[in-house]
Amino acid sequence: MAYPYDLDYEAAAKERAHKELELKTNRSMWKLMILNILTLGIYSIVFFIPFSFDIDKVAPRRDGNKTFNYLFAWLLSIFTFQIVIAAWFYTITRRVEDALAEKNINYSFDMGDFWGWYVFGSFICVGSFVYFHKLCTAMNLLCENFNAKNANKS
């Protein structure tokens, strides 16, 4: 007797394996800040773990780096007075800047934003908002570029 729901599971699994997932393009600084406050800092882990995987996909291949896991950086920063998190964002900023330049995306985000807004801007309380807005926008642009190139390949 034939099975009524005849589905080729192996073919479906192969198709899913070859299909590249689209990267998230709707990162928002406001959502990050509001949910981070409401969850007492836990949402930043949920936000930046996939962020670190996405930057590995869109960053230039020639840099040969792999992003340090945000969860480990977050845990280490508890004992290092946030120095590890600052170093993590420094690395992310450098990789995003390189990726924007390689992909010829016309958006101003560079190490000056890290030093000006993330480091020194934190003293005026709005600097981190500006930095995270620029970071989210830059990453959204990179992910849109990545998704468009993968859509053209299919």
Side-chain angles (χ1 to χ4, degrees), residues 13 15-151 153-154:
E15 183 179 330
R16 279 193 306 269
H18 291 296
K19 184 179 178 184
E20 185 74 34
L21 294 176
E22 285 194 357
L23 301 182
K24 187 176 179 181
T25 59
N26 62 348
R27 291 178 175 90
S28 168
M29 179 272 303
W30 293 109
K31 182 179 177 183
L32 169 64
M33 292 299 167
I34 291 168
L35 290 177
N36 202 31
I37 290 168
L38 292 176
T39 61
L40 303 175
I42 302 299
Y43 183 73
S44 65
I45 296 169
V46 173
F47 185 86
F48 283 113
I49 287 176
F51 190 97
S52 63
F53 294 136
D54 289 351
I55 191 63
D56 286 339
K57 292 176 185 168
V58 300
R61 297 283 180 231
R62 64 176 154 60
D63 75 356
N65 292 334
K66 188 167 171 85
T67 305
F68 188 68
N69 191 312
Y70 183 79
L71 179 61
F72 296 134
W74 188 82
L75 290 171
L76 286 173
S77 71
I78 294 170
F79 303 108
T80 62
F81 304 106
Q82 302 298 317
I83 292 171
V84 174
I85 285 293
W88 191 86
F89 281 115
Y90 176 87
T91 304
I92 289 294
T93 303
R94 184 180 46 76
R95 294 192 77 201
V96 168
E97 177 186 11
D98 291 345
L100 287 170
E102 182 180 275
K103 311 269 191 264
N104 293 322
I105 297 174
N106 189 16
Y107 183 71
S108 175
F109 182 76
D110 55 18
M111 293 309 293
D113 293 312
F114 172 79
W115 290 108
W117 290 116
Y118 183 79
V119 177
F120 298 118
S122 63
F123 296 116
I124 59 171
C125 297
V126 296
S128 59
F129 291 104
V130 174
Y131 172 78
F132 286 116
H133 172 71
K134 290 183 71 113
L135 179 64
C136 288
T137 303
M139 195 61 186
N140 287 339
L141 291 171
L142 287 169
C143 289
E144 286 172 7
N145 179 276
F146 181 85
N147 292 341
K149 288 192 177 182
N150 279 347
K153 287 180 183 178
S154 300

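Reckoned from all heavy atoms, side chains included, excluding hydrogens, waters and symmetry mates.
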Name of the residue among F132, F68, F114, W74 meeting ring-ring contact (aromatic ring centres under 6.0 Å, His included) with F89: F132
When rounded to the nearest 0.5 angstrom, what is the spacing between CG in D113 and OH in Y118? 14.0 Å
Decide yes or no for V58 and N145: does some side-chain heavy atom of the first lie under 4.5 Å from some side-chain heavy atom of the second? no
Among F72, W88, Y43, whose ring-ring contact (aromatic ring centres under 6.0 Å, His included) with F48 holds? W88
D56 versus R95: any side-chain heavy-atom pair under 4.5 Å? yes
Please check this pair: side chain of N140 against backbone of R27, looking for a donor-acceptor N/O pair closer than 3.5 Å. yes
Would you give the length of the straight line joining atom CD1 of I37 to atom CG of L32, rounded to the nearest 0.5 angstrom? 9.5 Å
Would you compute the distance between atom CD1 of I92 and atom CD of E97 and round it to the nearest 0.5 angstrom? 13.0 Å
What verdict does the side-chain contact (heavy atoms from CB on, under 4.5 Å) test give for L38 and I34, after you've listed the backbone C-alpha separation in whole Å, the side-chain angles of each residue and the deciding distance to 0.1 Å? CA-CA 6 Å; L38 292 176; I34 291 168; 4.0 Å; yes
Looking at side-chain heavy atoms only, is the closest gap between T67 and T91 below 4.5 Å? no
Give the C-alpha distance, both sets of side-chain angles, the deciding distance and a yes or no for side-chain contact (heavy atoms from CB on, under 4.5 Å) between F146 and E22. CA-CA 8 Å; F146 181 85; E22 285 194 357; over 6 Å; no
For K134 and S108, what are the C-alpha separation, side-chain angles and deciding distance, and is it a side-chain contact (heavy atoms from CB on, under 4.5 Å)? CA-CA 8 Å; K134 290 183 71 113; S108 175; 4.2 Å; yes
Return the minimal non-hydrogen interatomic distance between C136 and S28, and the atom names on each side. SG-C, 4.1 Å
Between the CG atom in L141 and the SG atom in C143, the distance rounded to the nearest 0.5 Å is 9.5 Å
Could you check whether any side-chain heavy atom of Q82 comes within less than 4.5 Å of a side-chain heavy atom of I85, counting everything from C-beta outward? yes
Looking only at heavy atoms, which two atoms of T80 and V84 are closest? And how far apart? OG1-CG2, 3.3 Å
Please answer whether the main-chain N or O of N36 pairs with a side-chain N or O of K31 as donor and acceptor at a distance below 3.5 Å. no
For residues S52 and I55, report the shortest heavy-atom separation together with the two atoms involved. O-CG2, 3.1 Å
Do K24's NZ or CZ and the ring of F51 fall within the cation-pi criteria of under 6.0 Å and 45°? no
Ring centroids only, cut at 6.0 angstrom: are Y70 and F53 within range, meaning strictly under it? no
If every non-hydrogen atom of A99 is compared with every non-hydrogen atom of A59, which pair is closest and at what distance? CB-CA, 4.1 Å
Return yes if some donor-acceptor pair links the side-chain N/O of N147 with the main-chain N/O of L23 below 3.5 Å, else return no. yes
CH2/W117: more than 12 non-hydrogen atoms of other groups inside 6.0 Å: no
Go through it in stages, so that I can follow the logic: the residues are L135 and M29, the test is side-chain contact (heavy atoms from CB on, under 4.5 Å), and I'd like the CA-CA distance, side-chain angles, deciding distance and then a yes or no. CA-CA 8 Å; L135 179 64; M29 179 272 303; over 6 Å; no
Which heavy atom of D110 sits nearest to which heavy atom of T93, and what is that distance? O-CG2, 3.5 Å
Measure the CG-OG1 distance between L142 and T25 for me, rounded to the nearest 0.5 Å. 12.0 Å
